[in-house]
Amino acid sequence: MESELKDLNSKPAKIQQPDPTHDDTSSKDDRPLLKADSSATTAANIHELEKKFAAYVRNDVYGTMGRGELPLKEKIMLGISLVTLLPLRIVFGMSLLVVYYLICRICTMFSAPNQEEEEEGYAHLGGWRRAVVVRSGRFLSRSLLFVVGFYWITETHKDSANTKENSKTEGTHQLEEQERPGAIVSNHVSYLDILYHMSSSFPSFVAKRSVAKIPLVGLISKCLGCVYVQRESKSSDFKGVAGVVTDRVREAHHNGSAPMMLLFPEGTTTNGDYLLPFKTGAFLAGAPVVPVILRYPYQRFSPAWDSITGVRHVVFLLCQFVNHMEVMHLPTYYPSQQEKDDPKLYANNVRRLMATEGNLIMSDIGLAEKRIYHAALNGNNRLPSVLHQKDD
């Protein structure tokens, strides 16, 4: 990947610039982003927050948190969709979900799940059971996307521009090309990302532990071989989960029959225009990864799940007749020895490559800032001190 990184030096990724009006030399406690005596967040405060947390700002017709004032034409279209399109899509969508649940139930009927806490599932299934689960899962996932309005998905596969150069300078390049990637790393824009990846490669992924207990979805996630994590936990379980993920990535790298891991190294969703800092979990194993970039072009409602409630997002998404998705598959990224020894360097280089190729803006905020932004939009008046801490 050395020549690829050289090319990136001449084609720098976009980086979110700080607000020029922001004075870092002044006392931060004298610049509250929210007025403690106000009963709700003012328009001026919202504007300032949007500059600070640009990666989570909605820019569609429906506005902030989907609560914007809609044009008359949009109101009429939404009203018609609510009584026609929405019920039909819910019925068809639930039907597909139930069908796949029954398939998973039959295929796991006489099989005991893995009893390890982080890996409670059926990733170990083999033979006809695994084949049925995977093939039906891919087909029904794409069918569900079709029902939701993704009638066609634009996919591009970028070839490695430096294949010939590497083959001349690295004697092991042909061997590397035969190595199986251990993980898929993707930017994270919406819960729809998972449906696409299920339809494309049917990988395992990391999910909140609560997902395993959701009716219908819980069993499906176990058949995917999900690794479960308690996001709010402060215990040492995170090290255990990181170890499980690393082992699974290594297994997929060395075992062609093992499911690949799908990892969203940003750790949360954005509005699709930004790329957050990468966590190192996908890169600890030092195995090759496949970078994938997802985009959701829109004219009215953005499918990005950034700063809007889940129920509101699902309703508006199902009321939009056509939804669009663009997917860019980058060449498999083979890490150098230096990157294998330094997962942080590996993660940063892959992030930079994805930002450059996907024309994404690199931002340095994360999940903590997203929660602050959501709380501010919901009118939480106790945020000034928290915001000052984040500035510090």
Inset, instruction - Consider only side-chain N and O atoms of Arg248 and Ser204, and report whether a donor and an acceptor are under 3.5 Å apart. - result: yes

Legend entry - Trace of the ring-ring contact (aromatic ring centres under 6.0 Å, His included) decision for Tyr333 with Tyr346: CA-CA 10 Å; Tyr333 191 107; Tyr346 187 6; 5.7 Å; yes

Legend entry - Nearest-0.5 Å distance, CE of residue Met328 to CD of residue Glu357: 6.5 Å

Inset, instruction - Quick one: pull up CZ in Phe146 and CG in Leu195 and give me the separation to the nearest 0.5 Å. - result: 15.0 Å

Legend entry - Rounded distance (nearest 0.5 Å) linking atom CG of Leu140 with atom CZ of Arg135: 14.0 Å

Inset, instruction - Kindly check if the number of other-residue, nucleotide or ligand heavy atoms within 6.0 Å of OH (Tyr191) is above 12? - result: yes

Inset, instruction - Report yes or no: do Glu266 and Asn187 form a side-chain donor-acceptor pair below 3.5 Å? - result: no

Legend entry - Pair Phe301 + His313: ring centers closer than 6.0 Å: yes

Inset, instruction - Could you walk me through whether Arg58 and Glu50 pass the salt bridge (charged side-chain N to carboxylate O under 4.0 Å, His left out) test, one step at a time? - result: CA-CA 9 Å; Arg58 294 192 69 80; Glu50 288 179 346; over 6 Å; no

Legend entry - Asp342 and Gln338: side chain donor to acceptor below 3.5 Å: no

Legend entry - Asn323 side chain to Gln320 side chain, donor-acceptor N/O pair below 3.5 angstrom: yes

Legend entry - Student check: side-chain heavy atoms of Phe264 and Ile194 closer than 4.5 Å: yes

Legend entry - Any Val292 side-chain heavy atom under 4.5 Å of His197 side chain: yes

Inset, instruction - Would you please indicate if the ring centroids of Tyr196 and Phe150 are separated by under 6.0 Å? - result: no

Inset, instruction - Classify the side-chain pair Tyr228/Ser210 by whether it contains a donor and acceptor separated by less than 3.5 Å. - result: no

Legend entry - Gap separating the OG atom of Ser141 from the CG atom of Leu96, nearest 0.5 angstrom: 9.5 Å

Legend entry - Gln337 CD: over 12 foreign heavy atoms closer than 6.0 Å: yes

Legend entry - Interatomic distance, Ser199 atom OG to Ile153 atom CD1 [nearest 0.5 angstrom]: 5.5 Å

Legend entry - Separation of Leu276 CG from Ser363 OG (nearest 0.5 Å): 6.0 Å

Legend entry - Between Thr269 and Lys370: side-chain donor-acceptor atoms closer than 3.5 Å: yes

Inset, instruction - Could you check whether the rings of Tyr151 and Phe321 sit parallel, tilted or perpendicular, using 30° and 60° as the cut-offs? - result: tilted

Inset, instruction - Decide whether Asp193 and Tyr296 meet the rule of one side-chain donor and one side-chain acceptor closer than 3.5 Å. - result: yes

Inset, instruction - State yes or no: are the ring centers of Tyr62 and Tyr298 separated by less than 6.0 Å? - result: no

